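Reminder, nothing fancy here: chain letters follow the sequence lines and each chain counts from 1. None of the values given here were measured: they were computed from a predicted structure.
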Amino acid sequence: MTAIAPLLRLRAQDIFRTWRVWVLPSVMVFLAATGTVITRFTREILVAALGAGQADAILLADPVASDAYARWANDLTQIAVLLVVVIAAGAINSEVRSGVAALILTKPASRVSYVLSHAFTLIAFTALAAHLGAVVSWLVTAAVFGPAPLGPVLAATAVWAVLAAVLISAALLASAAFDAYAGAAGAGIGAFFLLALLSVVPQLAEHTPAGLATVVNAIATGTQKADQTLWQPVLSGLALAGALLAAAVLVFRRRELR
Amino acid sequence: MTAAICVSGLVKVYGRRRVLDGLDLHVEAGSVFGFLGANGAGKTTTLRILLGLAAKTTGSLRVLGCDPGSAQVRALVGYCSDVPGFLPWMTARDVLESSARLFRMTPALTRRRVGELLELTGLARTKSRVSGFSRGMRQRLGIAQALVNAPQLLILDEPTSALDPLGRRVVLELLAALRGQATVLFSTHLLPDAERVCDNVAIIDQGRIVTAGPLDQVRAQSGGVQGRLLVEVDDADRLRKALANQKWVVNVDEQVAPGTLLLTVADLDAAAALLPAAVALHGLLLRRLEPREASLEDVFVGLTGAGR
């Protein structure tokens with residue numbers, strides 16, 4: 001992996017010296033803060049929207065801290081993943097189109113380092129932003145519902161980071177393969193919906209990355225059962241992310257650059 | 001001399017299109033080599049293959065004695081594309097420092113080298129981001145980043161195409177100054193640039209080298225034409241008739257000005273000696289005789305049919 005350190009530095013600068021440093025963390029913090037408040041005031045929102053009579057017809061239990069965490073988990077697995085895929089989809093092909101990649105790769109930087117530097121930086125930044133959101137979720141939950149444990153929300157977010165790593169790797173593979181940004185983003189989003197579809201099959205949800213979103217929700221709400229159903233999706237998710245990155249490297253090594 | 005670049009029978013096929021068709025190229029170490037061709041002739045494709053950015057279909061290539069694009073070669077090569085791309089948030093200094101880090105240069109060496117190159121390319125006082133650069137500034141920055149590692153081989157694709165006359169002069173002087181220290185291979189369709197700085201040139205047409213060699217030798221290959229004579233006499237029509245059957249005259253162009261003919265000749269020195277006698281023999285008055293060597297443009301047009 002020639003020149004991985006300077007490339008990681010370049011990627012980090014590319015995030016921290018552009019608008020990107022604000023987007024993902026801001027979205028995470030926004031989801032974390034508003035999700036808890038919406039959970040707490042769901043009934044009031046329904047009454048305001050539907051009127052007291054119709055709202056009372058909907059049976060809603062009094063919200064508790066775990067409901068807020070469930071909301072955070074849902075926001076991560078349904079909204080944040082799409083944003084992450086959209087960001088990753090343009091990482092490689094935009095630099096190929098603009099000629100940035102050609103100038104880097106005619107210097108002593110290998111194509112392996114080039115792809116992996118993108119992957120490491122995106123995954124690390126996404127995980128950091130998500131954990132920032134998790135902490136905000138915990139703080140707001142504690143403020144709204146009273147003292148709440150930090151462990152479940154952090155653990156759920158860590159498992160979500162594995163799901164994000166899988167989808168970032170899929171988007172990078174598409175970004176290495178396709179010139180068009182829309183094509184790469186579409187492939188990444190397609191991977192997300194494929195995982196969601198496969199999670200309907202119980203055997204796949206228990207033993208493959210398709211179950212990661214379910215595990216995130218279960219950990220956040222404290223309903224996670226046996227260890228096996230946690231580790232198999234997580235480990236297979238990490239393996240899948242690694243395989244997708246290896247494929248991205250192989251595809252990019254064969255790609256002709258402008 | 002040893003070869004910095006040695007290419008033999010290079011073929012590149014995209015779908016049904018044969019972009020390079022058995023290209024042979026030999027670039028001597030330490031020379032300034034002009035790679036000339038019309039748009040679409042295959043110049044950029046050749047450079048991309050030499051840099052390992054694109055794969056050959058068949059043929060053999062050695063760059064500095066190694067496979068193109070190998071790690072050893074990339075440490076010794078500098079490259080700038082015709083429209084170099086940079087991350088838009090970077091300043092010129094960021095670009096050069098980032099490039100230096102890829103070559104594992106020490107911080108002290110990086111500072112010194114970056115300072116020198118910013119001065120050399122006139123970007124030392126430019127603090128703005130690359131996104132606000134003109135095309136000429138981008139090209140100058142591209143050349144600076146290609147020089148950051150003091151390369152043994154500098155490959156430039158149309159390096160002066162976006163520069164103003166002053167910028168062009170600076171870059172051409174820079175390339176000329178590298179003669180003997182580094183090998184410079186640059187593609188261009190600006191023939192005066194090549195004439196100004198190149199030791200050797202190659203002309204590519206439809207994926208094949210149609211001629212290559214030292215500049216003077218290539219000029220002399222213009223269909224046997226060594227040059228032209230600009231002749232002004234008191235009666236140009238009579239001179240035209242008088243020269244019609246002379247073996248040393250290849251062609252007599254239409255009058256370029258009243259009383260003035262442009263003769264294309266095979267041997268410029270011999271023609272310059274014979275012409276005054278021919279003029280006197282026909283009782284004409286010779287007002288001007290101006291020998292002109294065949295330009296690279298003559299050769300280029302003659303060999304590639306460009307402009308026809």
Side-chain angles (χ1 to χ4, degrees), chain A residues 1-23 87 90-118 121-122 125 175-176 179 181 249-258, chain B residues 12 14 19 44-45 47-56 63 68-91 94-105 110 129-131 138 141-146 148-149 151 153-155 157:
Chain A
M1 287 205 288
T2 320
I4 187 75
L7 284 176
L8 284 172
R9 180 174 171 161
L10 180 66
R11 304 298 170 215
Q13 286 179 313
D14 197 21
I15 289 172
F16 287 100
R17 290 178 60 178
T18 62
W19 53 267
R20 281 202 276 161
V21 70
W22 300 108
V23 173
I87 290 173
I92 294 175
N93 53 17
S94 67
E95 290 191 354
V96 169
R97 280 196 310 272
S98 66
V100 170
L103 288 193
I104 291 174
L105 292 169
T106 47
K107 295 183 173 62
S110 67
R111 294 196 184 202
V112 180
S113 301
Y114 181 86
V115 173
L116 294 186
S117 66
H118 271 299
T121 319
L122 278 168
F125 181 61
S175 189
D179 236 5
Y181 171 75
V249 168
L250 285 175
V251 166
F252 193 62
R253 285 177 76 165
R254 295 171 63 90
R255 182 158 180 186
E256 301 208 343
L257 303 179
R258 292 175 240 200
Chain B
K12 178 68 180 176
Y14 285 113
V19 178
T44 299
T45 302
L47 298 188
R48 286 170 56 225
I49 293 173
L50 289 172
L51 290 156
L53 295 175
K56 66 184 180 184
V63 177
S70 63
Q72 303 100 297
V73 170
R74 280 185 278 127
L76 303 172
V77 170
Y79 164 65
C80 178
S81 56
D82 56 343
V83 188
F86 307 105
L87 294 170
W89 52 267
M90 287 181 136
T91 63
D94 288 332
V95 169
L96 299 186
E97 286 177 350
S98 167
S99 298
R101 277 194 285 274
L102 291 173
F103 288 101
R104 296 184 176 191
M105 288 164 66
T110 298
R129 293 179 170 200
V130 173
S131 56
R138 280 173 173 267
L141 179 58
I143 291 166
Q145 64 80 36
V148 82
N149 59 326
L153 172 62
L154 184 61
I155 296 180
D157 193 4

Region of Q145(B) in contact with chain A, defined by heavy-atom distances below 4.5 Å
both

Give a yes or no on this: more than 12 heavy atoms of other residues, nucleotides or ligands lie within 6.0 Å of atom CZ of R97(A).
yes

Tell me, for A71(B) versus chain A, whether the close heavy atoms (under 4.5 Å) come from the side chain, the backbone, both or neither.
neither

Residue, of L53(B), V77(B), L51(B), that accumulates the most heavy atom pairs under 4.5 Å with chain A
L53(B)

Identify which of A109(A), A101(A), A3(A) forms the greatest number of heavy-atom pairs closer than 4.5 Å to chain B.
A109(A)

Distance, nearest 0.5 Å, that separates CD of E95(A) from CG of L87(B):
5.5 Å

G85(B) to L103(A) - nearest heavy-atom pair and separation:
O-CD1, 3.5 Å

Return the OG to CG distance between S99(B) and L10(A), rounded to the nearest 0.5 Å.
9.0 Å

Side chain, backbone, both or neither: which part of R9(A) has a non-hydrogen atom closer than 4.5 Å to chain B?
side chain

State, with a plain yes or no, whether a side-chain heavy atom of T2(A) is found less than 4.5 Å away from one of L102(B).
no

Minimal heavy-atom distance between P108(A) and A75(B), with the atoms involved, is CG-CA, 3.8 Å

Minimal non-hydrogen separation, E256(A) against A54(B), with atom names
OE1-CB, 3.5 Å

Rounded to the nearest 0.5 Å, how far does OG1 of T106(A) lie from CD1 of I155(B)?
9.0 Å

Report the distance from atom CH2 of W89(B) to atom CD1 of I15(A), rounding to the nearest 0.5 Å.
10.5 Å

Taking the side chain as everything from C-beta on, heavy atoms only, tell me whether R17(A) gets closer than 4.5 Å to D94(B).
yes

Using a 3.5 Å distance criterion without hydrogens, assess whether the side chain of R48(B) forms a donor-acceptor pair with backbone atoms of L257(A).
yes

So how far is it from M90(B) CE to D14(A) CG, rounded to the nearest 0.5 Å?
8.0 Å

